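Each chain gets a letter, A, B and so on, in the order its sequence line appears, and its residues count up from 1. Everything quoted here is computed from the prediction, not taken from an experiment. Basis for what follows: all heavy atoms, side chains included, without hydrogens, waters or symmetry-related copies.
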There are 2 protein chains.
Amino acid sequence: MVVAQGKRRRLSAQDWTTAALDALATGGLAGVAVEPLAVQLGATKGSFYWHFADRDALLVAALAQWEREHTDDVIALVETEPDVPARLRLLLSLGLGVFGDHPDGNGVELALLATARHPLVRPALARVSARRISYLAGLFVELGLAPVEAHRRGLLAYTAYLGHAQLVHATPELAPSGAALRRYVDEVTAMLTSGTEPLPNNGATAARDRRGRRGRPQP
Amino acid sequence: MVVAQGKRRRLSAQDWTTAALDALATGGLAGVAVEPLAVQLGATKGSFYWHFADRDALLVAALAQWEREHTDDVIALVETEPDVPARLRLLLSLGLGVFGDHPDGNGVELALLATARHPLVRPALARVSARRISYLAGLFVELGLAPVEAHRRGLLAYTAYLGHAQLVHATPELAPSGAALRRYVDEVTAMLTSGTEPLPNNGATAARDRRGRRGRPQP
DNA sequence: ACCAAACCATACGGTCCCGTACGGAGGTCA
DNA sequence: TGACCTCCGTACGGGACCGTATGGTTTGGT
């Protein structure tokens, strides 16, 4: 929350979109209101309506920035991991918040999900989701699954991610944390990769051998 | 959407809560507004403020009704299936919308999830989620898993359900439907029950009571 | 120093909603 | 039939926002 800093500097459009994303994470789409934002930035609406035509223009800018900064960056980060199973595991760890960056890390995403029907939000969300599911499916293809099967697993992985984020947001006391969360990630990873070639890459495939993971879906 | 019916009947509190749930599914929590509701019911605020102290009282009543009608009824319906694996499968089919009751069936739930931080919504949601996860975990215990392991699977099943609902709501074009959806349910069921005893037939294998078997077969 | 553009404050009208005050229409029962 | 309690319509004040109009204040180029 960037409150009015000492120097009453002049504001740029960027300042407004940053504040908008901040408000989005805090108060949802309805929280992105011009007048409160102006107060928070130590300015008035006069400033805002110089930089933007209206509230929608601000939303468009904020959404574009969010869409740019997320997804691509996360995928790029994950791509630095060469081992494919470990990559999936890393992705899940990031998504499920093993590194404790949940509370506000994806607050914007939750807010967007909450107002997914909004005409400006919907397309941005659709692009991001499609990209993510597609990337996940690709991961399972690399693990040796047929495309259709891989897509199903990608879907499951993504919905599990979405639902987990929802659970953490709505009822954090019901979501696992700490060691239980790491165990949970192990479990989910194992189930998602069940029936997959061991892929003799190099080590670092930690935590397999959950007792009898031997399942194979019907052919 | 129950618009003013011909007879200008007098309204009961129940009429208002029903309309509130309707508005909740349509326009979210913010859609539950007294004045629009009054217009929709062909009445005015004067009526509303006779039956309820304020808007919050309406929300409390609506949430209570929703909480009562869901969860318990769904679980009771599922309990009519004696075979445990089939029961899990039926539950997933219901949750993932195989029977095509998604579009508005759980619109209220999505709206509540969207505003999970609201002080009145939060506890209701927490109770429902806890009950569902607990029931799912019990199912996996009946399938022969240890309690901790069963709880993790229950969590995965529930988050997958939540995420799927979210996906259908936000970007239906990315969610499976028809035959692909049935296939997806197969897949998820298989993965969730992997590493489980085949359980040769026979419904009540584990005589684990679980707070008494309630019987209210009402399909 | 000067000027034009960029930037911003103030003030205003409009919309949508909440909640209160109060009085009038219906039923109900003596 | 008339007193009376239920239920509801009308009217009002207030708050939170959006967007516009208008004129003032910086700022950078010359």
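A donor and an acceptor atom sit less than 3.5 Å apart, one in the side chain of B/Arg10 and one in the base of D/dT6.
Checked for salt-bridge contact, B/Glu173 and A/Arg127 miss the test: no charged N lies under 4.0 Å from a carboxylate O. Salt bridge status for A/Arg89 with A/Asp186: present, with a side-chain N to carboxylate O gap under 4.0 Å. Here A/Glu142 pairs with A/Arg87 in a salt bridge; the nearest charged N to carboxylate O distance falls below 4.0 Å.
Between A/Leu41 atom CG and C/dC7 atom C1' there is a gap of 15 Å when expressed in whole angstrom units. Distance, A/Phe48 CZ to D/dT20 P: 11 Å, rounded to whole Å. In this structure, A/Leu37 atom CG and C/dA9 atom P are separated by 14 Å, rounded to whole Å. Computed from coordinates, the B/Glu35 CD to D/dG14 P distance equals 16 Å when rounded to whole Å.
Residue-environment remark: CZ (A/Arg182) stays at or below the threshold of 12 foreign heavy atoms within 6.0 Å.
In the set D/dG9, D/dC17, C/dC18, the nucleotide with an atom closest to the side chain of A/Pro36 is D/dC17. Comparing C/dA9, C/dC18, C/dC8 by their nearest atom to the side chain of A/Ala43 picks out C/dA9. Distance from the side chain of B/Ser47 is smallest for D/dG9 among the nucleotides C/dC17, D/dT26, D/dG9. The side chain of A/Leu11 sits closest to C/dC8 out of C/dC8, C/dC18, D/dT6.
Every residue two or more places apart in sequence or in another chain that forms a salt bridge (Lys or Arg N to Asp or Glu O under 4.0 Å) with B/Arg152 is listed here: A/Glu187, B/Glu149.
In this structure, A/Thr80 contributes its side chain and A/Leu77 its backbone to a donor-acceptor pair below 3.5 Å.
Near DNA chain C, meaning a heavy atom under 4.0 Å from it, residues 49-59 of chain B has B/Tyr49, B/Asp54, B/Arg55 in order of number.
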